[in-house]
Amino acid sequence: MFAVEVRDHIMIAHSLPRPVFGPAQGMHGATFVVDAAFFTKDVDEDGLAVDIGAATTVLAEVLKPLNYQNLDEVEAFKGKVSTTEVIAKHIFDQLAKAVSDKRLGAGSHRICRLKVTLHESHAARGWYEADL
């Protein structure tokens, strides 16, 4: 399996209103480093699994509506607890749609798996990954 992984980041605010989250129940900010990995079973005639430029552009486009937002007020998270895992799945879904819409170029059809990792800090991260 081949993969290309690109990185960006988002700065968000949110609350996690359940007792299990202790002090994070209140409004707080987070900066997530976001890694998106695009997997293929082969490379194209140019030796590419995925065009890194296209992957970088698409990830930035997917993250833009979340950046500097209070996720408690973002429609996609209404009725959900915006944990790292839930945010990762949301980003995954948006990237999967971009793959389906062939926004990663001519090789979009070869992308068979995605992995989205959100780094909360140097010591903790969460992710969502699945086959397409």
Side-chain angles (χ1 to χ4, degrees):
M1 187 82 55
F2 295 91
V4 165
E5 187 171 54
V6 295
R7 175 173 277 188
D8 203 336
H9 74 282
I10 54 175
M11 298 172 71
I12 59 98
H14 66 159
S15 60
L16 302 169
R18 304 267 171 91
V20 69
F21 296 108
Q25 291 178 76
M27 183 63 63
H28 62 281
T31 299
F32 290 106
V33 173
V34 181
D35 292 327
F38 302 83
F39 295 85
T40 65
K41 293 181 180 173
D42 57 6
V43 294
D44 67 13
E45 60 277 356
D46 295 315
L48 298 173
V50 175
D51 180 293
I52 289 173
T56 300
T57 297
V58 167
L59 179 59
E61 290 169 355
V62 164
L63 296 180
K64 187 175 181 177
L66 303 178
N67 202 24
Y68 293 105
Q69 297 301 309
N70 175 354
L71 298 188
D72 295 351
E73 298 174 356
V74 172
E75 187 62 36
F77 297 100
K78 295 283 182 186
K80 298 179 182 175
V81 180
S82 57
T83 62
T84 301
E85 298 91 312
V86 169
I87 300 167
K89 175 67 163 70
H90 171 78
I91 295 167
F92 175 97
D93 290 344
Q94 298 305 304
L95 290 174
K97 182 174 180 343
V99 170
S100 176
D101 291 345
K102 298 180 177 27
R103 290 175 42 210
L104 283 105
S108 292
H109 68 282
R110 292 182 301 99
I111 299 169
C112 60
R113 184 173 191 83
L114 294 173
K115 178 179 180 181
V116 174
T117 306
L118 272 65
H119 302 262
E120 291 191 48
S121 72
H122 68 283
R125 65 181 180 235
W127 66 83
Y128 183 83
E129 73 176 283
D131 292 332
L132 297 181

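Being a predicted model, the structure only gives us computed values, none of them experimental. Heavy atoms only: backbone and side chains are in, while hydrogens, waters and symmetry mates are out.
Following chains of ILVMFWY side-chain contacts shorter than 4.5 Å, one cannot reach I91 starting from F39, and the two form parts of different hydrophobic clusters. There is no path of hydrophobic side-chain contacts, each under 4.5 Å, that joins L114 to F2. V33 and V58 are assigned to two separate hydrophobic clusters, defined by single-linkage of ILVMFWY side chains at heavy-atom distances under 4.5 Å.
Residues meeting the side-chain hydrogen bond (donor to acceptor under 3.5 Å, both in side chains) test with N67, sequence neighbours left out: none. Judged as a side-chain hydrogen bond (donor to acceptor under 3.5 Å, both in side chains), and not counting sequence neighbours, the contacts of T84 are E120. Not counting sequence neighbours, K115 has no partner by the side-chain hydrogen bond (donor to acceptor under 3.5 Å, both in side chains) test. With sequence neighbours excluded, the residues that form a side-chain contact (heavy atoms from CB on, under 4.5 Å) with K102 are S108. In this structure H90 satisfies the ring pair (Phe, Tyr, Trp, His ring centres under 6.0 Å) test together with F77, sequence neighbours excluded. Residues passing the side-chain hydrogen bond (donor to acceptor under 3.5 Å, both in side chains) test with K64, sequence neighbours excluded: none.
Listed by first then second residue, pairs satisfying salt bridge (charged side-chain N to carboxylate O under 4.0 Å, His left out) with a partner in residues 69-95 read K89-D93, not counting sequence neighbours. For residues 6-29, the salt bridge (charged side-chain N to carboxylate O under 4.0 Å, His left out) pairs, not counting sequence neighbours, are R7-D35. Listed by first then second residue, pairs satisfying side chain to side chain donor-acceptor pair (under 3.5 Å) with a partner in residues 20-29 read H14-H28, not counting sequence neighbours. The side chain to side chain donor-acceptor pair (under 3.5 Å) pairs that include a residue from residues 43-61 are E61-R103, where partners are two or more places apart or lie in different chains.
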Donor-acceptor list for residues 125-132 side chains, cut-off 3.5 Å, not counting sequence neighbours:
| unit_1 | atom_1 | unit_2 | atom_2 | d |
| --- | --- | --- | --- | --- |
| W127 | NE1 | E129 | OE2 | 3.4 |
| E129 | OE1 | R113 | NE | 3.1 |
| E129 | OE1 | R113 | NH2 | 3.1 |
| D131 | OD1 | R113 | NH1 | 2.5 |

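Atom-to-atom distance recorded for L104:CG and F38:CZ is 5.0 Å, nearest 0.5 angstrom. Atoms CE and CG, on M1 and D42 in that order, are 10.0 Å from each other to the nearest 0.5 Å.
Looking at every heavy atom in both residues, I87 comes nearest to L118 through CG2-CD2, 3.5 Å. Considering every non-hydrogen atom in both S15 and S82, the closest pair reads O-OG, 4.1 Å. Closest approach of L59 and V34 over heavy atoms only: CD2-O, 4.0 Å.
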Does the side-chain contact (heavy atoms from CB on, under 4.5 Å) test come out yes or no for K97 and V62, once each step is laid out?
CA-CA 10 Å; K97 182 174 180 343; V62 164; over 6 Å; no

side-chain contact (heavy atoms from CB on, under 4.5 Å) evaluation trace for L48 with V43
CA-CA 5 Å; L48 298 173; V43 294; 5.7 Å; no

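At most 12 non-hydrogen atoms from other residues, nucleotides or ligands lie less than 6.0 angstrom from CE of M11.
In the hydrophobic clustering, F21 connects to L16, V20, V81, either directly or through intervening members, whenever side-chain heavy atoms lie under 4.5 Å apart.
Between the side chain of S121 and the backbone N or O of A123 there is at least one donor-acceptor pair closer than 3.5 Å.
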